[in-house]
2 protein chains.
Amino acid sequence: MHHLSDQSIDTIADILKLLGDKTRLTMVKIMSEHECCVCEFVDLFEMSQPAISQHLRKMKDKGLIKETRKGQWVFYSLNPNHPNYSFVQTVIQAVPSQQGKLNNLKAQGKRITCC
Amino acid sequence: MHHLSDQSIDTIADILKLLGDKTRLTMVKIMSEHECCVCEFVDLFEMSQPAISQHLRKMKDKGLIKETRKGQWVFYSLNPNHPNYSFVQTVIQAVPSQQGKLNNLKAQGKRITCC
DNA sequence: TGACCATATAAGTATTTGCTTATATTATGA
DNA sequence: TCATAATATAAGCAAATACTTATATGGTCA
């Protein structure tokens with residue numbers, strides 16, 4: 001007797017747990033709109049750099065996001081190869097756009113556009 | 001300056017946090033398929049009755065589910081009047097059916113069908 | 001090479017979470 | 001009315017979580 005469906009409800013619960021944190025949910029929404037680097041997140045949230053790194057690591061460990069080095073920065077974005085990528089997208093469609101936050105950053109000249 | 005979108009991302013994060021627990025996610029999926037009473041959940045999960053009650057209370061407190069007394073039992077079901085009801089439905093569509101668990105209960109004669 | 005960024009990791013801590021057992025509440029039915 | 005069954009609440013606890021500060025790592029560039 002195997003438990004395919006149990007495995008998959010576990011996976012979904014894991015994803016929802018990751019997204020069930022306001023900081024991570026916002027980060028994921030932002031990443032769904034734009035690639036983003038760690039220091040931008042640090043500027044966006046009133047939170048220390050290690051706290052941001054730890055959130056990103058949790059999501060990367062579960063394969064939800066991927067990283068790309070560009071010069072001295074590490075950019076994070078949604079991982080389109082995640083087995084539940086389309087589910088993740090469905091969920092974050094319900095989240096209001098966070099474009100405004102990025103625009104604020106840009107207005108402050110803090111948006112990183114290295115490439 | 002107001003933060004309408006912040007309020008709504010909070011709400012969504014709250015819902016996802018509730019659903020990000022395997023027990024609750026399974027319960028919600030079951031409730032989306034059938035009304036269910038507390039003692040059935042107790043039989044379905046290897047967990048004490050208070051633990052089940054506490055999960056249900058959390059979800060009821062957030063308006064995700066509603067209760068109906070029927071005789072000596074309290075039945076719980078999804079609350080279609082929740083402002084994010086359709087979002088919740090979208091999410092749990094991705095969860096595999098838990099009908100099998102209910103069928104097992106029925107086979108054991110433990111399914112409550114009072115009315 | 002060496003100083004300086006950006007990022008990651010380590011270690012510690014307060015809070016939250018998800019259970020447990022014990023007890024209260026409430027409805028039913030002999 | 002009283003015993004019983006179903007459910008809720010209270011209190012306590014171990015584990016998980018989300019942060020903090022301190023420190024390590026690793027790339028860039030003068």
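In the text below, chain A, chain B and the rest are named by the order of the sequence lines, each starting its count at 1.
- Applying the side-chain contact (heavy atoms from CB on, under 4.5 Å) test to K58(B) and every residue at least two apart in sequence or in another chain returns L18(B), R24(B).
- The heavy-atom pair separating D21(B) from T23(B) by the smallest distance is OD1-N, 3.0 Å.
- Rounded to an integer number of Å, the gap from CZ of F45(A) to P of dC19(D) is 10 Å.
- Residues satisfying the salt bridge (charged side-chain N to carboxylate O under 4.0 Å, His left out) criterion with K60(B), sequence neighbours excluded, are E67(B).
- Note on Y76(A): only backbone sugar-phosphate atoms sit closer than 4.0 angstrom, heavy atoms only; bases stay farther off.
- The phosphate of dT9(C) has OP1 or OP2 within less than 4.0 Å of a side-chain N or O from R57(A).
- Residues A94(B) and I12(A) come closest through the heavy atom pair O-CD1, 2.9 Å.
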Protein-nucleic acid N or O pairs under 3.5 Å, nucleotides 22-30 of chain D:
none

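- Contact check of residues 27-37 of chain A against DNA chain C (heavy atom, cut-off under 4.0 Å) returns C37(A).
- Considering only heavy atoms from C-beta on, K29(B) stays 4.5 Å or farther from K101(B) through its side chain.
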Taking only distance into account, with no hydrogens and no angle test, what donor-acceptor pairs under 3.5 Å do side-chain atoms of residues 80-88 of chain A form with protein atoms, sequence neighbours excluded?
| unit_1 | atom_1 | unit_2 | atom_2 | d |
| --- | --- | --- | --- | --- |
| H82(A) | ND1 | N84(A) | N | 2.8 |
| H82(A) | NE2 | K62(A) | O | 3.4 |
| Y85(A) | OH | Q89(A) | NE2 | 3.1 |

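- If you take CD of E67(B) and P of dA27(C), they are 12 Å apart, rounded to a whole angstrom.
- The only member of M31(B), Q98(B), H55(B) that meets side chain to side chain contact (heavy atoms under 4.5 Å, CB included) when paired with T26(B) is Q98(B).
- Contact annotation: S48(A) side-chain N/O to dC19(D) OP1/OP2 distance is not under 4.0 Å.
- Scored by the side-chain hydrogen bond (donor to acceptor under 3.5 Å, both in side chains) test, E33(B) finds S97(B) as partners (sequence neighbours excluded).
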Using atom names, set out every protein N or O paired with an N or O of nucleotides 11-17 of chain C below 3.5 Å, distance rounded to 0.1 Å.
none

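- A heavy-atom distance below 4.5 Å is not found between the side chains of L19(A) and V95(A).
- In this structure C37(A) satisfies the side-chain contact (heavy atoms from CB on, under 4.5 Å) test together with C39(A), E40(A), W73(A), F75(A), I112(A), sequence neighbours excluded.
- In this structure, F41(B) places its CZ atom 11 Å from P of dA8(D), rounding to the nearest Å.
- Rounded to an integer number of Å, the gap from NZ of K22(A) to C1' of dC19(D) is 16 Å.
- Of the candidate nucleotides dA6(C), dA8(D), dA6(D), dA6(D) has the atom nearest to the side chain of W73(B).
- Summarising the geometry, the separation between CE on M47(A) and C1' on dT21(D) is reported as 16 Å, rounded to the nearest angstrom.
- Spacing between atom CE of M59(A) and atom P of dA8(C) amounts to 12 Å, rounded to whole angstrom units.
- By the side-chain contact (heavy atoms from CB on, under 4.5 Å) test, S77(B) is found to be paired with E35(B), K66(B), residues two or more places apart in sequence or in another chain being considered.
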Extract all donor-acceptor atom pairs below 3.5 Å that involve side chains of residues 42-54 of chain A and protein atoms in other chains or at least two apart in sequence.
| unit_1 | atom_1 | unit_2 | atom_2 | d |
| --- | --- | --- | --- | --- |
| S48(A) | OG | A51(A) | N | 3.3 |
| Q49(A) | NE2 | S53(A) | OG | 3.2 |

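- One interatomic measurement links the two molecules: CG of L56(B) to P of dT9(D), which rounds to 11 Å at whole-angstrom precision.
- The separation between E46(B) atom CD and dG18(C) atom P is 19 Å, rounded to whole Å.
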